[in-house]
Amino acid sequence: PFQMEAEAFKSQDEVLTQEKSKYNAEKMEARAKSRDAVANELMTAFEGDKRIAMEMAIQRSVAYKERVRHEVEEYGDPEDDADVIAQLDNLVKMCQGKIAEIKAQERAKEEQERQERERLWAEQAEQRRLARLEEERAMEIDPNAVCEFTFSVYSAGGVGDRPDIEKMDKVVLPPQALEQVVQNRVPMPITMRVTNPSIPLPDHVAMEATASAADGAALEEQAPQPRHRDTHCGVFDFTAPEGMAFMPVNMMRKLQLAEGDRCKFQTATLPRGTYAQLQPISEAWTKVPEKEACLELGLHKYQTLTVGDVIAVEGPHDRRLYRFRCLQTKPSTAISVLDTDLTTDVTEVGISCVLGEEYGDEEWVRQLAEADSPASPTSGGQTADDVALGAVVEGAVDEGSSK
């Protein structure tokens, strides 16, 4: 019985050994397939220079080796052949080297792209800087720049339909004038010398002899220069139709301009004024309350004063225009009244001669004075002083004096 039992155990051991051998063979075959799949994946990724694919294949190789180690330690499975593991490790090292090369190339490419972006940004910044300098250079004023225009002039309160300009020394010019002013970099604000080229001054005034002295040398008489009737003004805006200009009636009358006459405009630079003597031309001014404040408020709408000009000041209490004749200005016969401390001297009402009546025609001032004087009693027994703003009155005016 003992011999039979021993043979039975021996037979069972043989069966177990055979089964274990068969299991190990199957295990090794499965491992080989997995190992070959990982090796093929590593080789394919290496040959294709695909960094992400090689990184994933390396992760699978690490996972495979970890699984084999677990099976050997836990279940006593046989280890892989050392040569096979060495081949797999070599593939992993090859892929890691290739990955390092690819990463170095990517870093170099990124650095090159960054440098290229910085270069482009620097070029664009330089281009913007140069464009900005060009714009600033274009906007720099030229104190010696002069622009000349000739337009057909019309009254601002009539054809121009700009009655607000009648209380200023401003003109409305067409856009073409603005283009030339900007192109020539004329200083702002723009000051214009306005001339009626068709009416020269009288001979005894128009031809003057000027003199100059240098280094103490004797005065030398220069050739006489013809002069024309002129004045000065600012520019309100550039919205007039092409070829036309709108100006206050006072200015048109001084220059003896009719609607549609040609007039010459030339940019000019005037000294800042320190003194101006003004003469009211109508007795109505004597009845204005707070005369100084009214005159100061009205002068804020003016940019220049020229001897001989008639300016209009609006009374804040009655919205009526009160006109003054400019008799004298300092330090020149034409001054700028912008941003300056101007001393004004108001004389008695009247019409005084200025510059020896060099214009030879003061009738236009007298007409303005008559228009501003209180009217004779009307049929309703009222005078101009009796008419209040917004009040309804009945009466009549003399023929021809409605304007």
Side-chain angles (χ1 to χ4, degrees), residues 147-178 180-181 188-199 228-268 270 278 281-282 294-295 297-306 308-316 318-326 334 336-338 359 361 363-365 367-372 389 401-403:
C147 295
E148 293 185 359
F149 319 96
T150 301
F151 300 121
S152 299
V153 296
Y154 298 88
S155 60
V159 178
D161 194 23
R162 303 291 292 273
D164 53 325
I165 299 179
E166 297 293 345
K167 298 168 285 188
M168 310 177 188
D169 65 334
K170 307 292 194 297
V171 294
V172 179
L173 299 180
Q176 64 196 78
L178 176 61
Q180 188 171 343
V181 164
M188 299 289 179
I190 303 171
T191 300
M192 289 287 183
R193 178 174 178 260
V194 189
T195 307
N196 184 352
S198 63
I199 304 180
H228 294 79
R229 185 180 292 256
D230 63 2
T231 187
H232 297 82
C233 66
V235 180
F236 188 80
D237 58 32
F238 295 87
T239 58
E242 185 176 355
M244 298 173 60
F246 304 138
M247 66 171 53
V249 172
N250 292 346
M251 196 178 300
M252 292 185 66
R253 291 190 179 182
K254 177 180 179 179
L255 299 178
Q256 294 186 356
L257 292 169
E259 301 282 352
D261 284 352
R262 303 289 287 178
C263 184
K264 180 181 177 182
F265 297 85
Q266 183 181 32
T267 56
L270 299 180
L278 305 176
I281 64 175
S282 172
C294 178
L295 181 59
L297 186 63
L299 284 176
H300 284 168
K301 299 181 180 180
Y302 282 80
Q303 182 173 329
T304 67
L305 282 178
T306 304
D309 282 356
V310 172
I311 65 173
V313 175
E314 184 181 46
D318 58 3
R319 301 300 181 184
R320 177 177 177 177
L321 294 183
Y322 298 92
R323 292 183 172 85
F324 297 81
R325 186 80 182 279
C326 184
S336 170
V337 296
L338 293 178
Y359 299 119
D361 178 15
E363 185 61 29
W364 64 282
V365 182
Q367 292 176 0
L368 288 174
E370 294 174 359
D372 288 347
L389 183 65
S401 63
S402 60
K403 186 172 183 180

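All figures in this text were calculated on a predicted structure; none of them were measured in a lab.
Qualifying side chain to side chain donor-acceptor pair (under 3.5 Å) partners for Q176, counting only residues two or more places apart in sequence or in other chains: none. Scanning for side chain to side chain donor-acceptor pair (under 3.5 Å) contacts around T191 gives Q303, with sequence neighbours left out. Contacts of L297 classified as side chain to side chain contact (heavy atoms under 4.5 Å, CB included), with partners at least two apart in sequence or in another chain: none. Considering only residues two or more places apart in sequence or on other chains, F149 meets the ring pair (Phe, Tyr, Trp, His ring centres under 6.0 Å) condition with F151. Residues passing the side chain to side chain donor-acceptor pair (under 3.5 Å) test with E259, sequence neighbours excluded: S155. The side chain to side chain donor-acceptor pair (under 3.5 Å) test applied to T239 returns D237, not counting sequence neighbours.
With 3.5 Å as the limit, one finds a donor-acceptor pair spanning the side chains of S152 and R262.
When all heavy atoms of A240 and F246 are compared, the pair lying nearest together is CB-CE1, 4.1 Å. Pairing each heavy atom of K301 with each of M168, the nearest pair is O-CB, 3.6 Å. Contact record, T304 with V337: N-CG2, 3.9 Å, taken as the closest heavy-atom pair. Nearest heavy-atom pair, K254 versus G308, reported as atom, atom and distance to 0.1 Å: NZ-C, 3.7 Å. Summarising the geometry of P174 relative to P241, their closest heavy-atom pair is CB-O, 3.4 Å, with the distance given to 0.1 Å. Here the closest non-hydrogen pair linking E166 and P248 is OE1-CA, 3.5 Å.
Residues V313 and K167 fail the side-chain proximity criterion, which asks for heavy atoms closer than 4.5 Å. Side-chain contact between V181 and M188 is present, with heavy atoms from C-beta onward closer than 4.5 Å. The shortest distance between side-chain heavy atoms of C326 and T306 does not fall below 4.5 Å. You'll find the side chain of N196 stays beyond 4.5 Å of the side chain of D261, heavy atoms only. Residues K170 and V172 have side chains not in contact (no heavy-atom distance under 4.5 Å, counting atoms from C-beta outward). Counting only heavy atoms from C-beta outward, the side chains of T150 and C263 never approach each other to under 4.5 Å. Looking only at side-chain heavy atoms (C-beta outward), D169 and I311 stay at 4.5 Å or farther from each other. Two residues are said to be in side-chain contact when any heavy atoms from C-beta on lie closer than 4.5 Å; L299 and L295 meet this criterion.
In terms of modelled atom types and a separation under 3.5 Å, the side chain of Y302 and the main chain of A312 share a donor-acceptor contact.
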For the pair Y154 and M252, evaluate side-chain contact (heavy atoms from CB on, under 4.5 Å) and give the outcome as yes or no after the intermediate values.
CA-CA 8 Å; Y154 298 88; M252 292 185 66; 5.8 Å; no

Apply side-chain contact (heavy atoms from CB on, under 4.5 Å) to V194 and M247, showing your working.
CA-CA 10 Å; V194 189; M247 66 171 53; 3.9 Å; yes

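Taking NE2 from H232 and CD from Q266, the interatomic distance works out to 9.0 Å, rounded to the nearest 0.5 Å. Distance CE/M244 to CG/L173: 12.0 Å, rounded to 0.5 Å. Note that the CG atom of L255 and the OG atom of S198 stand 9.5 Å from one another [nearest 0.5 Å]. Atoms CZ and SG, on F265 and C147 in that order, are 13.5 Å from each other to the nearest 0.5 Å. With rounding to the nearest 0.5 angstrom, the CG atom of D309 is 9.0 Å from the CG atom of N250. Note that CG of L278 is 7.0 Å distant from CZ of F324, once rounded to the nearest 0.5 Å.
The pair R320-E314 does not meet the salt-bridge criterion, since no charged nitrogen lies less than 4.0 angstrom from a carboxylate oxygen.
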